[in-house]
There are 2 protein chains.
Amino acid sequence: MNTLGARPVVVAKSAATAHCIECGARGRSVCNAISERDLDRLAAVAVPKRIEKGQVFIEEGEAAVDFFNITTGTAKLYKMLPDGRQQITGFAGSGHFLGLAVSDTYAFTAEAIETVDLCRFSRPKLRALLDDFPLLEKRLLETACNELVAAQEQMLLLGRKTARERVASFLASRHTETVGCGKRSERVALPMTRAEIADYLGLTIETVSRTLTRFKSEGKISLPSRDEVEIIDPHWLLGVATGEDSHAAFV
Amino acid sequence: MNTLGARPVVVAKSAATAHCIECGARGRSVCNAISERDLDRLAAVAVPKRIEKGQVFIEEGEAAVDFFNITTGTAKLYKMLPDGRQQITGFAGSGHFLGLAVSDTYAFTAEAIETVDLCRFSRPKLRALLDDFPLLEKRLLETACNELVAAQEQMLLLGRKTARERVASFLASRHTETVGCGKRSERVALPMTRAEIADYLGLTIETVSRTLTRFKSEGKISLPSRDEVEIIDPHWLLGVATGEDSHAAFV
DNA sequence: GGGCTTCCTTGATCCAGGTCAAAAAATGCC
DNA sequence: GGCATTTTTTGACCTGGATCAAGGAAGCCC
């Protein structure tokens, strides 16, 4: 895997390249469209930056001058109504590319919910990179399509699912996402607060809390700490999440 | 604009080219990424097809073998839960490109709500076209981004807006979309039934009907026929749609 | 380790919008 | 044009989840 030994001269020519080569997020991000030997081109335009918890780094309505790629940590993406009602449209973790809007203003706000490390790309520099690496553009299109599919799934959740089904969907999707990361499969991290879960699921904090308590008392999950859930019965949870008729009958 | 006279030989070499050159949807679709002189390449892989009202031409979960581009008419795109609950994720009109999912199965169902004319592209042929016309890929990415922005807006609507705000948003967006088409601006066509509006807004048919009646009795709209709305007070409607505090106060 | 603050849970009550029911209007079909 | 069907409107009532209101449990900072 490590080809450093094979190409010492190229790597050495730019110390900045290191942060891309060593980047833990590369494998799961659009950056993997660029081969290791061209990585210095990428590294030259990617500006690493640390965002502290609670800090907003993209603001809805502001000029979209930069794109971002998250290396570590999690951010919430949301839209707001003038009276303060908030809808979180997604949580962006390691490898997530942000700012895809074509329009010249951002369509959502992004705020770190834990310390986030990311790479910043200026619009024109990314544009130049896209022209030189068509594969990168293909990967971006893929990413956008995947997000579109996820967005449609979320519309189904917000428009038609019950509170129980929403919370079950949330836990189930967190569960399946986590499995891939090599962690213990049944423990799911919840880096977000109950309020953030509520704003993501179109519910109130109280309903989220009550529903979790309910699942716990039904023996389907346990809540070892406030930011962790143990999924005891993943199959049951998935059934509820997908609105299986049988589960709706027994309350 | 018409370059037919300048290049009679090229155009004549394929009679099939005509349907792309004359296509009314070209201007607003991704096809405008391909210049008129290369249009025969596009025409060679685009298979025109007519879909009658009520006919399903993309089915959720089935192998994604084709892509479609709507020429005329409107289709509804939806996802369903096993017990029949339905969420319409969007209405696709002239120029809309469908089937963008990278995955090998469709993520939603598409059904014509009025007679639809479309062009069908097989996956491999479109892929080849994309490799030859990078601009087409750029346009697809743009399209996907725009849809993503619309999806986020819809999540805000479904997760956080009241029934009144949802119906107002729906009418307002229909209104602004219609303006561009050169029709009389205040008359908005509703090719979909109340049930379809309800499934799009995450409401019931009764709530949609009552809300429209309410707007009418408040003098903000009129309902000349069941598939048409006249927007009497667009500014007021937009205010309600965007959740302006003031409008929430006076009921 | 004690007081602060923030986050979470639980209980009581309320209401927007859903459900059920039926009439009215539009459309289609011989 | 008249009957059947579908769609829409309207009314009465109900309920899931929101709202309001306390408590309780973690963190966190001196």
Side-chain angles (χ1 to χ4, degrees), chain A residues 52-54 76 81 83-87 113-114 157-170 190-218 221-229 240 243 247-249 251, chain B residues 52-54 76 81 83-87 113-114 157-170 190-218 221-229 240 243 247-249 251:
Chain A
E52 294 303 330
K53 177 175 173 174
K76 61 174 171 182
L81 289 168
D83 64 0
R85 280 173 288 170
Q86 189 171 337
Q87 179 63 40
I113 62 171
E114 48 186 3
L157 179 148
L158 293 170
R160 290 302 182 214
K161 288 188 183 177
T162 64
R164 245 174 114 71
E165 289 163 351
R166 292 181 200 206
V167 175
S169 299
F170 176 69
L190 297 182
M192 64 292 287
T193 66
R194 299 288 185 269
E196 285 159 347
I197 297 175
D199 282 341
Y200 179 56
L201 299 178
L203 299 170
T204 58
I205 189 173
E206 294 93 332
T207 300
V208 170
S209 178
R210 273 189 257 267
T211 308
L212 287 172
T213 305
R214 189 82 176 282
F215 286 170
K216 182 173 142 192
S217 73
E218 290 170 5
I221 65 170
S222 77
L223 298 164
S225 77
R226 74 163 82 186
D227 55 3
E228 243 184 343
V229 186
V240 176
H247 295 290
V251 174
Chain B
E52 295 303 330
K53 177 176 173 172
K76 61 174 171 181
L81 289 169
D83 63 0
R85 278 172 290 171
Q86 189 171 337
Q87 179 63 41
I113 62 171
E114 49 187 4
L157 179 148
L158 293 170
R160 290 303 182 214
K161 288 188 182 177
T162 64
R164 245 173 115 70
E165 289 163 351
R166 293 181 200 204
V167 175
S169 299
F170 176 70
L190 297 182
M192 64 292 288
T193 66
R194 298 288 185 269
E196 285 159 347
I197 298 175
D199 282 341
Y200 179 56
L201 299 178
L203 299 171
T204 59
I205 188 173
E206 293 93 332
T207 300
V208 170
S209 178
R210 272 189 257 267
T211 308
L212 287 173
T213 305
R214 189 82 177 284
F215 286 169
K216 182 174 144 192
S217 72
E218 290 170 6
I221 65 170
S222 78
L223 298 164
S225 77
R226 77 160 86 186
D227 54 4
E228 241 184 345
V229 185
V240 176
H247 294 291
V251 174

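Here is the naming used below: chain letters follow the sequence lines, and residue numbers restart at 1 for every chain.
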Worksheet item: At what distance, to the nearest 0.5 angstrom, does CD of A:Glu165 lie from CG of B:Leu81?
Response: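 Rounded to the nearest 0.5 Å, the CD-CG separation comes out at 6.5 Å.
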Could you give the [atom1]-to-[atom2] distance, from [X] to [N], as a whole number of Å?
{"X": "B:Leu212", "N": "D:dT8", "atom1": "CG", "atom2": "P", "result": "10 Å"}
{"X": "A:Asp83", "N": "D:dT19", "atom1": "CG", "atom2": "P", "result": "11 Å"}
{"X": "A:Arg194", "N": "D:dA25", "atom1": "CZ", "atom2": "P", "result": "15 Å"}
{"X": "B:Arg214", "N": "D:dG11", "atom1": "CZ", "atom2": "P", "result": "13 Å"}
{"X": "B:Lys216", "N": "D:dT9", "atom1": "NZ", "atom2": "P", "result": "8 Å"}

Checking [X] now: which residues fulfil salt bridge (Lys or Arg N to Asp or Glu O under 4.0 Å) with it, not counting sequence neighbours?
{"X": "B:Arg210", "value": "none"}
{"X": "A:Glu114", "value": "none"}
{"X": "B:Arg160", "value": "A:Asp199"}
{"X": "A:Glu228", "value": "A:Arg187"}

Item to complete: Please list, chain by chain and in numerical order, all residues satisfying ring-ring contact (aromatic ring centres under 6.0 Å, His included) with B:Phe170, sequence neighbours excluded.
Response: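 So B:Phe170 forms a ring-ring contact (aromatic ring centres under 6.0 Å, His included) with B:Tyr200.
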Worksheet, complete the sentence: Applying ring-ring contact (aromatic ring centres under 6.0 Å, His included) to B:Phe215 and not counting sequence neighbours gives B:Trp236
Practice prompt. Please find the earliest and latest nucleotides of DNA chain C, in the 5' to 3' direction, that have an atom within less than 4.0 Å of any heavy atom of chain B.
Written response: C:dG17 to C:dT27
Residues forming a side-chain hydrogen bond (donor to acceptor under 3.5 Å, both in side chains) with [X], sequence neighbours excluded:
{"X": "B:Ser169", "value": "B:Lys161"}
{"X": "A:Thr211", "value": "none"}
{"X": "A:Thr213", "value": "none"}

Where do N or O atoms of nucleotides 26-30 of chain D meet protein N or O atoms at under 3.5 Å, pair by pair?
from, atom 1, to, atom 2, distance (Å)
D:dA26, O4', A:Arg226, NH2, 3.1

Fill in: First encountered from the 5' end of DNA chain D, between B:Ile205 and A:Arg210
B:Ile205
Worksheet item: Does A:Glu206 or A:Arg160 map to a spot on DNA chain C nearer the 5' end, using the closest nucleotide for each?
Response: A:Glu206
Return the polar atom pairs (N/O with N/O) between nucleotides 13-17 of chain D and the protein under 3.5 Å, or none.
from, atom 1, to, atom 2, distance (Å)
D:dG17, OP1, A:Ala163, N, 2.8

Discussion item. Could you tell me if the side chain of B:Val167 sits less than 4.5 Å from the side chain of B:Arg214, heavy atoms only?
Written reply: no
Worksheet item: Touch check for A:Ser209, heavy atoms < 4.0 angstrom, all strands: base, sugar-phosphate only, or nothing?
Response: base
